[in-house]
Amino acid sequence: MPLYDQPRQRLLLAALIAFHILIIIASNYLVQLPVTLFGFHTTWGAFSFPFIFLATDLTVRLMGKSPARRVIARVMLPALVASYVVSVLFHEGAFSGLAALGEFNTFVFRIALASFTAYVLGQLLDVQVFDRLRRSHRRWWIAPAASSVVGQALDTAAFFSIAFWNSSNAFMAEHWVEIALVDYVIKLAVSLMLFVPLYGVLLNTIVRCLPTLRVRVHL
């Protein structure tokens, strides 16, 4: 028996797709803005991207692995295009004007392509790990915590190596390994301290609001 009727499921999947694209666009913009935290270089994108893992884990828990993979498949290309356009228009935090779209920006395209690749790899790994652990462990926090650790590790490594290795941006080319490591630590800390507990709260709230889900959802 389906978790939701078909119209509601399509509406929910459309909302998840839009949410993923919004977070990817925001993160691709914010990753261009360096910040120093406790003496280490990172970017503001480290604080926004974990939202996607939260949404993906809830999707797997409530709807299953296949719907989560459909969201990923439908997000990939729109996110690539939208990320490029937004990042060109607001390159390095300043509005460049619509004329900037007339010239192909290889630096921004590398960021968009890196985001595309990292998103696909990280999300698919997250779905696989989360789904397997949620079936084998009854403690609700193990699956989202473990999937965040491995999913964000792959995502971060793929993104920064593709986007900034030998980059035309001298600062990022020199510091991308340090920034990637700090970025991963921050994303992991944000996920484990904020988003994993938030996952538990949201899941409990959804189950209470929709009692019929208790048959299928086990914390």
What residues form a side chain to side chain donor-acceptor pair (under 3.5 Å) with [X], not counting sequence neighbours?
X	result
Ser48	Ser27
Asn105	none
Tyr84	none
Thr156	Lys187

Can you name the closest pair of heavy atoms from [X] and [Y] and give their distance?
X	Y	result
Val149	Tyr184	O-OH, 2.8 Å
Ala163	Ile111	CB-CA, 4.2 Å
Phe51	Phe19	O-CE2, 3.7 Å
Ala68	Val60	CB-CG2, 3.6 Å
Ala100	Val88	O-CG1, 3.6 Å
Ala143	Ser147	O-OG, 2.8 Å

Inter-residue atom distance [X].[atom1] - [Y].[atom2], 0.5 Å rounding:
X	Y	atom1	atom2	result
Leu16	Thr59	CG	OG1	4.0 Å
Trp176	Asn169	CH2	CG	14.0 Å
His175	Ser167	NE2	OG	12.0 Å
Trp140	Ile142	CH2	CD1	10.5 Å
Phe49	Ser191	CZ	OG	10.0 Å
Met193	Leu188	CE	CG	9.0 Å

Please check if [X] and [Y] belong to a single hydrophobic cluster, counting links between Ile, Leu, Val, Met, Phe, Trp and Tyr side chain heavy atoms closer than 4.5 Å.
X	Y	result
Tyr119	Val86	yes
Phe47	Leu22	no
Ile162	Leu30	no
Val196	Leu202	yes
Leu198	Leu203	yes

Determine whether the side chains of Asp126 and Thr56 contain a donor N or O and an acceptor N or O closer than 3.5 Å.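 Looking only at side-chain atoms, Thr56 and Asp126 do not form any donor-acceptor pair under 3.5 Å.
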Test ring pair (Phe, Tyr, Trp, His ring centres under 6.0 Å) applied to Phe195 and Phe53, step by step: CA-CA 9 Å; Phe195 288 105; Phe53 287 86; 9.7 Å; no
Among Asp131, Val127, Leu133, side chain to side chain contact (heavy atoms under 4.5 Å, CB included) partner for Val129: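 Among Asp131, Val127, Leu133, the one meeting side chain to side chain contact (heavy atoms under 4.5 Å, CB included) with Val129 is Leu133.
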Chi angles and distances behind the side chain to side chain contact (heavy atoms under 4.5 Å, CB included) call for Phe171, Phe164: CA-CA 9 Å; Phe171 177 84; Phe164 299 120; over 6 Å; no
Between Gln128 and Arg69, is any pair of side-chain heavy atoms under 4.5 Å apart?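 Yes - at least one pair of side-chain heavy atoms lies under 4.5 Å apart.
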Hey, are the side chains of Leu121 and Asp155 touching, using non-hydrogen atoms and a 4.5 Å cut-off?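 The answer is no, as the side chains (C-beta and beyond) never meet within the 4.5 Å cut-off.
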For Val185, side-chain contact (heavy atoms from CB on, under 4.5 Å) partners two or more places apart: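 If we apply the side-chain contact (heavy atoms from CB on, under 4.5 Å) test to Val185, skipping adjacent residues, there are no hits.
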Less than 4.0 angstrom from a charged side-chain N to a carboxylate O is my criterion; do Asp57 and Arg61 meet it?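 Salt bridge: no.
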Tell me, with the steps shown, if Ser87 and Phe109 meet side chain to side chain contact (heavy atoms under 4.5 Å, CB included). CA-CA 9 Å; Ser87 296; Phe109 180 73; over 6 Å; no
Side chain Asn204, main chain Gly200, donor-acceptor under 3.5 Å: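 Yes, Asn204 side chain to Gly200 backbone: donor-acceptor pair under 3.5 Å.
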Hey, does the side chain of Ser161 reach the backbone of Ala158 with a donor-acceptor pair shorter than 3.5 angstrom?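 Confirmed, Ser161 side chain pairs with Ala158 backbone.
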How far apart are the C-alpha atoms of Ser115 and Phe159, what are their side-chain angles, what is the distance that settles it, and do they pass the side chain to side chain contact (heavy atoms under 4.5 Å, CB included) test? CA-CA 6 Å; Ser115 177; Phe159 175 78; 4.1 Å; yes
Side-chain donor-acceptor contacts of residues 70-81 below 3.5 Å, not counting sequence neighbours, with atom names and distances?
none

Run Leu13 and Met63 through side chain to side chain contact (heavy atoms under 4.5 Å, CB included) and show every step you take. CA-CA 10 Å; Leu13 288 176; Met63 303 178 69; 3.9 Å; yes
